[in-house]
2 protein chains.
Amino acid sequence: MRRETYNEFRRLCQEHNLAATHQREKIYEALVSRPGHYSPEEIYEQVKQDLPSISLATVYKNLKTFLHAGMLREVSPHHGSWRIDANRHPHHHLVCTHCRSITDLDFDSLGPVKLHGKLPSGFRLEKFTIEAQGICKACTAAETKQH
Amino acid sequence: MRRETYNEFRRLCQEHNLAATHQREKIYEALVSRPGHYSPEEIYEQVKQDLPSISLATVYKNLKTFLHAGMLREVSPHHGSWRIDANRHPHHHLVCTHCRSITDLDFDSLGPVKLHGKLPSGFRLEKFTIEAQGICKACTAAETKQH
DNA sequence: AATCCTTTAATAACTATTATCATCTGATAA
DNA sequence: TTATCAGATGATAATAGTTATTAAAGGATT
């Protein structure tokens with residue numbers, strides 16, 4: 001691992017009161033040293049090359065730990081369950097990051113995406129999708145009721 | 001079901017050579033008659049109120065059938081596996097709808113999202129996310145090689 | 001009614017994820 | 001150094017979500 005990455009990892013662990021273990025180091029490295037956004041399984045495979053005895057559960061657990069500490073983020077708020085869209089008209093989505101509900105937002109509510117320059121060569125664009133992420137009405141209500 | 005919806009359902013089935021069965025009718029209705037975007041399990045629960053003996057597998061199978069026929073769409077190309085993002089700088093994503101790979105796109109490559117008017121009342125916006133969906137370089141290459 | 005093809009329901013199988021728990025590790029104090 | 005202890009790990013069981021299998025039911029056509 002590059003010294004810079006290593007120092008950052010140590011710093012982040014210290015900041016969040018996490019032991020900077022060998023396993024965590026390699027998991028972190030597997031994430032930041034490569035360009036894509038990988039699944040736990042892929043990260044596991046990568047780390048296993050250095051630490052053959054690591055457990056998949058350790059990968060999952062530490063990813064959760066890192067996320068919870070704010071060291072990492074989820075790429076998308078809607079993994080985990082398959083959602084179907086029966087609306088054939090162009091539209092956007094409002095996504096509640098709390099209850100994961102998804103509702104439609106009129107196409108005209110948002111301006112078009114403007115591309116500055118070009119996309120990476122070789123990528124064949126089909127469309128831009130915009131999601132408005134936040135907390136829905138119901139969740140906001142439930143929250144304020146609690147306090 | 002509203003007559004209009006029913007007719008549309010019949011038409012769509014005919015168009016795609018699908019038997020317009022009772023089960024399919026109710027599944028379709030469960031999707032279009034309500035505002036949100038539901039999971040197979042939720043659709044199953046809804047349909048069960050009319051057809052108590054329907055099987056969850058039937059729901060899955062017909063959702064796939066509808067999708068394949070183009071009668072419906074998936075809300076997101078990346079449900080199914082959890083992806084982690086270690087890039088703490090603001091950025092967008094390029095998503096390949098074929099191999100499901102996700103790579104970063106510079107924040108400055110795209111202009112800001114413009115909101116015309118207001119979002120539905122009660123929704124507390126955290127951020128807009130933009131995804132560029134399409135076919136990545138590797139998949140395009142693999143495709144052309146085949147033909 | 002007999003035949004054929006499609007669809008369905010039940011359920012087994014599989015994959016992704018989470019929980020459990022015994023063991024191990026590293027830090028600190030004795 | 002050893003004893004202690006909290007936290008981390010690895011093995012694996014448990015669960016949730018999804019897909020595959022298969023026997024039976026339904027519907028159209030002969």
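A, B, ... follow the sequence lines: proteins, then strands. Residue 1 opens every chain.
Nearer to the 5' terminus of DNA chain C, by closest-nucleotide assignment, is the contact made by Ser53(B) (compared with the other of Trp82(B) and Ser53(B)).
A 4.5 Å side-chain heavy-atom check between Asp85(A) and His93(A) finds at least one atom pair inside the cut-off. Phe9(A) places none of its side-chain heavy atoms less than 4.5 Å from the side chain of Glu29(A).
When the side-chain nitrogen and oxygen atoms of Gln23(B) are compared with OP1 and OP2 of dG26(D), none of them lie within a distance under 4.0 Å. Side-chain N/O atoms of Asn17(B) include none lying less than 4.0 angstrom from OP1 or OP2 on dT6(C). Between dT19(D) and Lys64(B), a contact under 4.0 Å exists linking OP1 or OP2 to a side-chain N or O. Using a 4.0 Å cut-off, some side-chain N or O of Tyr60(A) falls inside it from OP1 or OP2 of dT17(C). The phosphate of dT8(C) has neither OP1 nor OP2 within less than 4.0 Å of any side-chain N or O from Thr58(B). Contact check, Ser55(A) against dT12(D): no side-chain N or O comes under 4.0 Å of OP1 or OP2.
Ser39(A) comes within 4.0 angstrom of nothing in the nucleic acid, heavy atoms only. Within the 4.0 angstrom heavy-atom criterion, only backbone atoms of the sugar-phosphate kind lie near Ala19(B); the bases stay farther away. Counting any heavy atom pair closer than 4.0 Å across all strands shown, Thr21(B) reaches sugar-phosphate atoms only and no base atom.
The distance from atom CZ of Phe123(B) to atom OG1 of Thr103(A), rounded to the nearest 0.5 Å, is 7.0 Å.
Taking 4.0 Å as the cut-off between side-chain N and carboxylate O, Glu42(A) and Arg34(A) do not count as a salt-bridged pair.
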